[in-house]
A.B. asks: 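Below you will find the structure I want to go over with you.
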2 protein chains.
Amino acid sequence: MASRSSTSEHSAPLLDEQICFALYNASRAMTARYRELLEPLGLTYPQYLVMLVLWESEPVTVSHLGARLQLDSGTLSPLLRRLEAAGFVERNRSADDERSVLVSLTPAGDELRAQTTRFPELVCGASGLSIDAIEMLRDQVFAFAGNIRTSI
Amino acid sequence: MASRSSTSEHSAPLLDEQICFALYNASRAMTARYRELLEPLGLTYPQYLVMLVLWESEPVTVSHLGARLQLDSGTLSPLLRRLEAAGFVERNRSADDERSVLVSLTPAGDELRAQTTRFPELVCGASGLSIDAIEMLRDQVFAFAGNIRTSI
DNA sequence: GGCAATAAAGTTGTGCACAACTTAAAGGCG
DNA sequence: CGCCTTTAAGTTGTGCACAACTTTATTGCC
């Protein structure tokens, strides 16, 4: 990896110096690995993230999913329609609040859970890093994202 | 951030334990910050990445851009068409090899460079991390991506 | 109750990513 | 030379992300 001294001494930022490019690249590389594992199950990576939330607890509203995954209804509505068409989730208007839609697992959606339990370790195993190193990296990346989200 | 012990003791992986979700989230949070800066210039983040490569040296082929950014022609061809329509780049078939397309900067594209030099420090400044911490994180993320890319 | 303000989800349109495919130009080899 | 393989770029189709907008329901607040 290129490792020059500092961005500020150049007239234009260099690609290899940018943490942002590193994150963009790493995220896509990871997703590509997950795609190999998820495609046989009929899931995309964002769909898998929705399933992870549902496997923790259900039913949940679309806005709860949005808060957990940092996604808006413009992304989630069509994604959930596809998950429903695939038979993995159900959507029902809440009786308490007719504005809300409650997303719940179908039996097929629940059964997918067991097939995915080893996926994180399969992907992380390919990274060549120890569990501890990965956990430290994860916490740093979460912290970075959290700080950067709050404003510029 | 949630920091539980280990993935393997749960029946399903937990969202907050996943480095992959951290990277996915951090990448989108970063892109959102860049969007605020780039939108006034008429650039998207992937278009900005292409410009970064061109500001390092030009002309370059589409495949060279693809190798630097890990993007294929299916992504780059329409992106370059939009950059050309915006007046920032030119595309010309190579005389040496009629299969290749050489992408070069227009004067307008070259002038954008000066307007972007402070962007990385603006975004990184929002992260609350020191330059050294960011550089370490960047190198770890690049290493992670590099390892994960090679196969599962 | 009446009504403005807010909130939840959905729709529309644009621009990536990426798979699968097409077109056309080089290269290699008998 | 003819022909087969490889390579470069482009096209098509699907599924995110996200902005901007719409629709409908709920919540103040008088």
Side-chain angles (χ1 to χ4, degrees), chain A residues 21 24-36 38-40 42-51 59-67 69-86 88-89 91-103 149, chain B residues 21 24-36 38-40 42-51 59-67 69-86 88-89 91-103 149:
Chain A
F21 178 62
Y24 165 79
N25 243 352
S27 178
R28 288 193 302 126
M30 270 279 226
T31 305
R33 288 296 147 234
Y34 267 103
R35 190 177 300 118
E36 299 171 14
L38 292 169
E39 195 272 336
L43 287 177
T44 65
Y45 182 69
Q47 289 168 9
Y48 165 72
L49 293 179
V50 167
M51 297 303 283
V60 295
T61 62
V62 175
S63 12
H64 176 78
L65 287 170
L69 304 175
Q70 308 289 330
L71 292 170
D72 66 11
S73 68
T75 300
L76 288 172
S77 288
L79 186 155
L80 291 168
R81 176 169 42 245
R82 285 184 283 269
L83 274 182
E84 190 173 41
F88 298 137
V89 307
R91 289 190 291 172
N92 298 103
R93 286 276 161 191
S94 164
D96 294 355
D97 185 340
E98 284 284 338
R99 292 172 303 178
S100 294
V101 166
L102 293 173
V103 183
R149 199 187 314 285
Chain B
F21 179 62
Y24 165 80
N25 242 351
S27 179
R28 287 192 303 126
M30 268 277 224
T31 304
R33 286 297 147 234
Y34 267 103
R35 190 177 300 117
E36 300 171 12
L38 292 168
E39 195 272 337
L43 286 177
T44 65
Y45 182 68
Q47 289 168 9
Y48 165 72
L49 292 180
V50 166
M51 298 303 283
V60 295
T61 62
V62 175
S63 13
H64 175 78
L65 288 170
L69 304 175
Q70 308 290 330
L71 292 170
D72 66 10
S73 67
T75 300
L76 287 172
S77 287
L79 186 156
L80 291 169
R81 176 170 41 246
R82 285 184 283 270
L83 274 182
E84 189 173 41
F88 297 137
V89 307
R91 289 190 291 172
N92 300 103
R93 285 276 160 190
S94 164
D96 294 356
D97 185 339
E98 284 283 337
R99 292 171 302 179
S100 295
V101 165
L102 294 172
V103 183
R149 201 187 312 287

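Convention: sequence-line order gives letters A, B, ...; per-chain numbering from 1. Heavy atoms only: backbone and side chains are in, while hydrogens, waters and symmetry mates are out.
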A.B. asks: Could you state the CG-P distance from B:Leu71 to D:dA8, rounded to the nearest angstrom?
C.D. replies: 16 Å
A.B. asks: Taking the side chain of A:Pro46 as heavy atoms from C-beta outward, which of C:dC16, D:dA17, C:dA8 is closest to it?
C.D. replies: D:dA17
A.B. asks: Closest to the B:Gln47 side chain: D:dC18, C:dC16, C:dT11?
C.D. replies: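 Of D:dC18, C:dC16, C:dT11, C:dC16 is nearest to the side chain of B:Gln47.
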A.B. asks: By nearest heavy atom, map A:Ser63 and A:Thr31 onto DNA chain C; which one lands nearer the 5' end?
C.D. replies: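 Going by which nucleotide is closer to the 5' end, it is A:Ser63.
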A.B. asks: Which is true for B:Leu79 with a 4.0 Å heavy-atom rule: it touches a base, it touches only sugar-phosphate, or it touches nothing?
C.D. replies: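 Answer is sugar-phosphate: B:Leu79 comes under 4.0 Å of backbone atoms only.
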A.B. asks: Is the distance from OP1 or OP2 of C:dG15 to the nearest side-chain N or O of B:Tyr45 less than 4.0 Å?
C.D. replies: no
A.B. asks: Do A:Leu83 and A:Leu43 have side chains that get closer than 4.5 Å, going by heavy atoms?
C.D. replies: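 Yes, close enough: below the 4.5 Å cut-off.
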A.B. asks: Any side-chain heavy-atom pair from A:Tyr24 and B:Tyr34 closer than 4.5 angstrom?
C.D. replies: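 The answer is no; the side chains never approach within 4.5 Å.
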A.B. asks: Could you pick out which residue, B:Arg93 or A:Gln70, lies toward the 5' side of DNA chain D when each is mapped onto its nearest nucleotide?
C.D. replies: B:Arg93
A.B. asks: Is A:Arg33 reaching over with its side chain to a backbone N or O of B:Arg149, donor-acceptor style, under 3.5 angstrom?
C.D. replies: yes
A.B. asks: Tell me what A:Thr75 touches on the nucleic acid: a base, only sugar-phosphate, or nothing, going by heavy atoms under 4.0 Å.
C.D. replies: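 Base contact.
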A.B. asks: For B:Thr61, report the nucleic acid contact type (base, sugar-phosphate, nothing); a contact means any heavy atom under 4.0 Å.
C.D. replies: sugar-phosphate
A.B. asks: Under 4.0 Å between any heavy atoms, over every strand shown, what does A:Ser77 touch: base, sugar-phosphate, or nothing? Just pick one.
C.D. replies: base
A.B. asks: Give a yes/no on whether any side-chain N or O of B:Arg35 is located under 4.0 angstrom from OP1 or OP2 of D:dA19.
C.D. replies: yes
A.B. asks: So B:Thr44, base contact, sugar-phosphate only, or nothing? Heavy-atom distance under 4.0 Å.
C.D. replies: sugar-phosphate
A.B. asks: Find the distance B:Leu83:CG to C:dT14:P and express it as a whole number of Å.
C.D. replies: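 The distance from CG of B:Leu83 to P of C:dT14 comes to 18 Å, rounded to the nearest Å.
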A.B. asks: Thinking salt bridges, do A:Glu98 and A:Arg93 make one under a 4.0 Å N-O criterion?
C.D. replies: no
A.B. asks: Considering heavy-atom distances to DNA chain C, does B:Pro78 or B:Asp97 have its closest nucleotide positioned more toward the 5' end?
C.D. replies: B:Pro78
A.B. asks: Rounded to whole Å, how long is the line connecting atom CG of A:Asp72 with atom C1' of C:dA7?
C.D. replies: 14 Å
A.B. asks: From the list D:dG10, C:dA26, C:dA8, which nucleotide is the closest neighbour of the side chain of B:Ser73?
C.D. replies: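 That would be D:dG10.
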A.B. asks: Roughly, in whole Å, what's the span from CG in B:Leu80 to P in D:dA9?
C.D. replies: 10 Å
A.B. asks: For a quick check, tell me whether the side chain of A:Arg99 and the base of D:dT24 share a donor-acceptor pair closer than 3.5 Å.
C.D. replies: no
A.B. asks: Rounding to an integer number of Å, can you tell me how far A:His64 NE2 sits from C:dA7 P?
C.D. replies: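 About 19 Å, once rounded to whole Å.
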A.B. asks: Which whole-number value in Å describes the distance from B:Glu98 CD to C:dG27 P?
C.D. replies: 12 Å
A.B. asks: Just to confirm, is there a sub-4.0 Å distance from OP1 or OP2 of C:dT14 to any side-chain nitrogen or oxygen of B:Arg82?
C.D. replies: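 Indeed not, no polar side-chain atom of B:Arg82 lies that close.
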A.B. asks: Where the side chain of B:Glu84 meets the backbone of B:Arg91, is there a donor-acceptor pair that is under 3.5 Å apart?
C.D. replies: yes
A.B. asks: I want to confirm an ordering. Mapping B:Ala32 and B:Leu102 to their closest nucleotides on DNA chain D, which one lands closer to the 5' end?
C.D. replies: B:Leu102
A.B. asks: C:dC18 C1' sits how many Å from A:Met30 CE, rounded?
C.D. replies: 19 Å
A.B. asks: Mind calculating the distance between OH (B:Tyr24) and C1' (C:dC16) to the nearest angstrom?
C.D. replies: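 In whole Å, C:dC16 C1' and B:Tyr24 OH are 13 Å from each other.
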A.B. asks: Under 3.5 Å, side chain of A:Ser63 to main-chain N/O of A:Gly66, donor-acceptor pair present?
C.D. replies: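 Such a contact is absent between A:Ser63 side chain and A:Gly66 backbone.
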